[in-house]
Amino acid sequence: MRRLAAVFASLAALGFAPGSAGAQESGNVIFFHPDGSSAAHWAAARILEKGPDGRLNWDGLPAIGVYTGHTADSLTGSSHGGATIHAYGVKVQRDSFGMDGESPVTAASGAEMSIMAEAMAAGRAVGLVQTGHLAEPGTAAFLASVPSRGMREAIAAQLIKSGAHVLLGGGERYLRPAGAEGVHGEGGREDGRDLIEEARQAGYTVVFTREALLSLDPAAVDKLLGVFAWEDTYNDASEEANAERGLQAYDPAAPTVAEMARVALSILDRDPDGFFLVAEEEGTDNLSNDNNASGALQALTRADDAVGVFADYVDADPETLLIMAADSNASGMTLVGPSADEMAMVAASGSLPASMRNGAPLDGVAGTGTAPFESAPDAAGVTHRFGIAWSGFADVSGGVLVRAKGLNADRVTPVMDNTEVYAVMYETLFGEAPADAAARRGGE
């Protein structure tokens, strides 16, 4: 049974305020999507932050499977096509956003709606947490359906209309009318709508800064909209381009994904019928595809902090599933540890070579051909220098893993299709397999 006295006590110790409801037949689901992150991305983050012999929060998740992320028409998934498959459990075209191309899509459960819309219809609290703009597909495709991912104003409007209990991310430009001055910049909506005001009228508490988010009393908030950037909470460019503009990889005034996650959980957890949270660290993808090694590694560290928040919640309420995967591998990040001879050349020049012998760019701490990164110490107390090589500037296939912990984590198999991620989430939320739900609907 959910929410026994021990669960109450554990959640309180973590700063969460559990609801007072009794038993449920099904559990909560947290789907975390650190976009673009492969096993190689996580290995680089581990070595930098914990050392070659250390372990990340991500490493502590007990269930693991190799992720196959092909779409109906492409071996390499896209953010919008992949998110649609996660949200509906069926293969769609790569260029899809809550649809199959430009056609409506029926979910694997037989419902004419996404898994999150089904959860809302069943009385569950739902939330989206995003470090990019709110219309980013990794989260928004769970509640919005449009013919093109470029229709960001329409996507934002659908999110506000959905009534989701928690919406946190960037993208103020898509929420305010063109010419209207906002907290982070000028609005850009061509239809004249002010979605911030519409959200307030719909009962949302609205916050715009990290400070305002962290000072909230979750018990006093029924629905929360957080808008923390004009576009994204990270600066989507290479190290060199950001340095020229005097920008850091992330806006220090915006909350991290872990901070947003903790607040989201504290609100969603109050619902007696349970919740479904989808969270995304988008910087792992965009900064990788900018070949910004320092930024990508920072994004991975932030993502791992969020894994820690989610794993702690599962420990406190084990009738919750945490499941996570990316939809593709952003730019094929590879950690390169120079040989002794190569390190002698690095020591003499102070910098890594600008590229590998095959021409692949090699990044150090400040960009291509700069000083190498230095790992945290290994078990013997030795630190190691390394560089990050890239295969290109776009998503590629391979190396993505599904990780899980908690209720139904044992459903993760050694090889896991993207449609099966939906299936595990669906069974956890509703207590039946999607195929059984589809058969039941067909017989009604």
Name the atoms and distances for all side-chain donor-acceptor pairs under 3.5 Å in residues 159-168, with sequence neighbours left out.
| unit_1 | atom_1 | unit_2 | atom_2 | d |
| --- | --- | --- | --- | --- |
| S162 | OG | L159 | O | 2.6 |
| S162 | OG | A164 | N | 3.2 |
| H165 | ND1 | V126 | N | 3.1 |

Legend entry - salt bridge (Lys or Arg N to Asp or Glu O under 4.0 Å) partners of residues 242-254, not counting sequence neighbours, each pair once: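 Applying salt bridge (Lys or Arg N to Asp or Glu O under 4.0 Å) to every pair that reaches into residues 242-254, excluding sequence neighbours, yields nothing.
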
The criterion is ring-ring contact (aromatic ring centres under 6.0 Å, His included); which residues satisfy it with [X], sequence neighbours excluded?
X	answer
F97	none
Y422	Y426
F208	none
W58	W42

Legend entry - Listed partners of D236 passing salt bridge (charged side-chain N to carboxylate O under 4.0 Å, His left out), at least two apart: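 D236 satisfies salt bridge (charged side-chain N to carboxylate O under 4.0 Å, His left out) with no other residue.
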
Legend entry - Within residues 166-189 or reaching into it, pairs that qualify as side chain to side chain donor-acceptor pair (under 3.5 Å) - sequence neighbours excluded: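 Applying side chain to side chain donor-acceptor pair (under 3.5 Å) to every pair that reaches into residues 166-189, excluding sequence neighbours, yields R152-Y174, E172-R176, R173-E231, Y174-E231, R189-D191.
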
With [X] via side chain to side chain contact (heavy atoms under 4.5 Å, CB included) - residues at least two apart:
X	answer
A306	F32, V257, A258, F310
Q248	P252
T106	E112

Inset, instruction - Sequence neighbours left out, what passes side chain to side chain donor-acceptor pair (under 3.5 Å) with T284? Give chain and number order. - result: none

Legend entry - Option among D73, T71, N418 that satisfies the side-chain hydrogen bond (donor to acceptor under 3.5 Å, both in side chains) test with K91: N418

